[in-house]
There are 2 protein chains.
Amino acid sequence: MKNNVTIKDVAKLAGVSISTVSRVINDSKPVTDEVKQRVLDVIKETGYVPNPLARSLVTKKSKLLGVIVPEVSDSFVNEIVNGIECVTKMYGYDILLANTYSEKSQELKSIDLLKAKQVEGIVMISWTLDEDHIQSINNSGIPATYISKTAQTFDVYTVSTNNEDATYDMTKYLIDKGHKEIALIMTSEADTILETERRRGYERALTDNNIAINPDIIRYGNTDHDNGYKVMAELLDEGKKPDAVFVTGDEAAIGAINAIFDKGYNVPNDISVAGFNNTKLSKMYRPKLTTVGQPLYDMGAVAMRMVIKMINDEPLEEKKFVLPYEIIERESVIEKK
Amino acid sequence: MKNNVTIKDVAKLAGVSISTVSRVINDSKPVTDEVKQRVLDVIKETGYVPNPLARSLVTKKSKLLGVIVPEVSDSFVNEIVNGIECVTKMYGYDILLANTYSEKSQELKSIDLLKAKQVEGIVMISWTLDEDHIQSINNSGIPATYISKTAQTFDVYTVSTNNEDATYDMTKYLIDKGHKEIALIMTSEADTILETERRRGYERALTDNNIAINPDIIRYGNTDHDNGYKVMAELLDEGKKPDAVFVTGDEAAIGAINAIFDKGYNVPNDISVAGFNNTKLSKMYRPKLTTVGQPLYDMGAVAMRMVIKMINDEPLEEKKFVLPYEIIERESVIEKK
DNA sequence: ATGAAAGCGCTAACAG
DNA sequence: CTGTTAGCGCTTTCAT
């Protein structure tokens with residue numbers, strides 16, 4: 001039952017040469033209808049499937065696309081992966097997936113792995129991309145797109161949303177709702193581009209509205225729930241009770257809300273909380289999370305589309321693809337009385 | 001800069017034959033230390049990496065493992081995928097990922113794709129597996145493990161938890177908490193093995209405790225939040241207000257809780273709610289969800305480990321691997337007064 | 001211990 | 001339009 005029918009077998013059975021068979025399966029050169037039909041029949045009968053390995057070996061096209069992510073179980077990541085998966089399949093490619101757990105060594109290793117497997121293109125999601133990663137991929141000459149704010153400063157293809165503007169707008173939204181003391185909990189480490197952009201947006205919004213910046217209520221953590229909880233709890237424990245808290249990640253925002261609850265306050269009545277990303281969670285939690293929406297699925301789809309265009313030498317309008325964001329008003333932010 | 005160094009180049013530069021180079025990179029036959037060192041040096045200098053395509057073509061080993069899932073963005077799925085990824089990498093394999101969106105045609109297509117790509121093994125997660133899928137995989141002779149309750153009745157390798165016992169235990173737990181009218185919201189379609197097992201566990205627990213089964217409060221839906229919401233809302237709208245609701249999926253359970261809230265009741269004070277799966281969500285939501293925990297990560301890891309064992313012809317103790325579950329007590333279920 | 005040579009299954013000139 | 005032939009980069013007998 002095993003699939004060991006080769007092009008040779010088909011050729012023999014159809015009474016033609018292997019090149020003819022090759023021609024019909026690839027539609028690469030004209031073949032008489034009659035012969036073509038005969039070959040097709042044999043293929044159907046035998047259940048012949050071309051060996052992509054052999055094919056790739058000669059064409060140097062693996063029909064494989066590499067996807068490098070920090071962790072599939074992250075809600076931000078897997079919605080992007082869905083988008084990637086969709087266009088990948090649409091163009092007849094397969095996905096080679098690598099988790100890195102945000103460890104640089106794993107990221108580098110994954111790149112090597114994908115190179116070795118001859119992927120034709122790469123989409124890489126990383127929070128902490130640096131020159132080494134980019135150089136490693138560049139050296140290989142494999143087309144790549146990055147979904148990574150830290151990639152913004154490099155001369156590489158990226159897809160992202162404008163984090164500075166998004167942060168500005170959400171901060172402004174909070175201000176418009178009457179909040180003055182607005183804490184910022186960052187889910188990205190200090191000194192990254194992402195952090196800088198977001199901080200800039202936040203500070204600009206404050207300044208534009210004549211609110212003094214209070215460095216004491218700007219905190220750092222990472223993206224997960226427990227971290228948001230911890231940072232928020234600390235803030236409260238230190239006796240700081242802001243009007244509103246802007247957490248740059250939904251999971252962490254929910255963690256923050258939980259901390260607020262556990263400290264005996266109410267969201268949004270005592271403190272308003274805004275998130276970032278509009279992941280599925282933000283709709284499921286109660287109060288429903290007011291958040292800035294990034295088109296995650298689209299980001300993945302666009303990133304992969306770019307890679308495929310590069311592979312096919314189709315022109316690309318721009319290197320930095322910036323997708324729109326939106327402020328999604330739900331229940332966790334209310335007008336301050 | 002491109003990586004077009006071949007075994008030939010290495011051989012030439014090291015002044016040996018390509019077979020010798022092959023021997024050192026594969027450690028397959030003894031090679032004089034001196035020669036070996038020379039070859040190794042050249043490899044390091046040139047940055048030579050063996051072309052796995054060519055290698056696979058002759059060895060018939062692709063070092064690729066296929067993973068078929070309904071959708072990576074499902075929280076149940078991606079925690080399993082994490083486990084799969086981990087052991088896959090540990091054994092030097094790469095993952096070929098395919099989303100099916102639970103559509104049978106996509107599932108079948110994915111199987112064909114993976115076959116064509118010469119994967120050495122497959123782990124398939126599916127809610128609605130049937131003979132066609134299994135036959136398609138069986139025909140290929142590719143080792144496979146299924147994480148799919150519907151695969152239980154087939155003579156194939158599976159990993160799962162005992163759903164009947166788990167459902168029994170949770171129902172019993174609810175009963176022990178003083179609840180008598182216990183609604184069951186199934187996230188699996190009627191007439192599937194999974195549904196049957198769970199229903200059996202539920203009914204057995206009721207019967208064992210002299211509680212009459214009320215078919216009217218047994219409902220069906222699917223796994224997502226909105227569905228749980230809808231089904232619960234319907235129940236309430238029909239004037240049915242059970243003591244407790246057991247929803248066989250966390251996301252849907254949270255949907256149910258939200259519906260209960262929106263109808264003006266409180267969880268757990270008015271109605272207790274229990275979920276299934278112990279996904280990340282269940283800890284993040286408030287009230288924290290009481291749920292039955294399945295070792296998702298482990299299920300993925302075990303499934304892939306089984307596949308790898310099969311590939312290496314290592315003996316496997318059993319075909320049906322059943323992992324433990326546990327009742328995780330949190331806040332959404334309380335003693336009925 | 002090492003090299004020569006065959007061949008994995010396929011595509012792509014090159015002839016005819 | 002079709003067949004012959006030469007590889008793609010590698011592993012693996014089979015000699016030496």
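A note on names: the letters A, B, ... follow the listed sequences, proteins ahead of strands, and every chain is numbered from 1.
- Using a distance-only test at 3.5 Å, with no hydrogens or angles considered, a donor-acceptor pair links the side chain of B:S148 to the main chain of B:S126.
- Taking atom NZ of residue B:K61 and atom P of nucleotide D:dC10, one finds them 19 Å apart after rounding to whole Å.
- Checked options A:K320, A:M299, A:R305; the residue passing with A:V159 is A:M299 (criterion: side chain to side chain contact (heavy atoms under 4.5 Å, CB included)).
- Between A:K115 and B:V49, every side-chain heavy-atom pair lies at or beyond the 4.5 Å cut-off.
- No contact: B:P52 has no heavy atom under 4.0 Å from any strand.
- The separation between B:K12 atom NZ and D:dC10 atom P is 14 Å, rounded to whole Å.
- Considering only side-chain N and O atoms, B:R55 lies nowhere under 4.0 angstrom from the phosphate OP1 or OP2 of D:dG9.
- Out of C:dC10, D:dC10, C:dA12, the shortest distance to the side chain of B:N51 is found at D:dC10.
- The shortest distance between the side-chain N/O atoms of B:K8 and the OP1/OP2 oxygens of D:dC8 is below 4.0 Å.
- Rounding to whole angstrom units, CG of residue B:L57 and C1' of D:dG7 are separated by 12 Å.
- Between its two ends, the helix from C:dA1-D:dT16 to C:dG16-D:dC1 turns its axis by 40°, counting five pairs per end and rounding to 10 degrees.
- Nearest to the side chain of A:V35, among C:dC10, D:dT2, D:dT11, sits D:dT2.
- Applying the ring pair (Phe, Tyr, Trp, His ring centres under 6.0 Å) criterion to B:Y146, with sequence neighbours excluded, gives no partner residue.
- An OP1 or OP2 oxygen of C:dG9 is reached within less than 4.0 angstrom by a side-chain nitrogen or oxygen of B:K60.
- Looking only at distances, no side-chain donor or acceptor of B:D298 sits under 3.5 Å from a matching main-chain atom of B:P295.
- Salt-bridge annotation for B:D155 and B:K319: present, with a side-chain N of the basic residue lying under 4.0 Å from a carboxylate O of the acidic one.
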Checklist entry - Under the salt bridge (Lys or Arg N to Asp or Glu O under 4.0 Å) criterion, do B:K104 and B:D132 qualify, and how do the steps go? => result CA-CA 9 Å; B:K104 184 166 175 180; B:D132 297 336; 2.5 Å; yes
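- The side-chain heavy atoms of B:L129 and B:E107, taken from C-beta on, include no pair separated by under 4.5 Å.
- When rounded to the nearest whole Å, the span between CD1 of B:I7 and P of D:dC8 equals 13 Å.
- For the pair B:T32 and B:V58, nearest-nucleotide mapping onto DNA chain C gives the more 5' position to B:T32.
- No side-chain heavy atom of B:T145 sits less than 4.5 Å from a side-chain heavy atom of B:T158.
- Contacts with DNA chain D (heavy atom under 4.0 Å) in residues 13-31 of chain A: A:V16, A:S17, A:S19, A:T20, A:R23, A:P30, A:V31, listed by number.
- Rounded to whole Å, atom P of D:dG9 lies 9 Å from atom CD of A:Q118.
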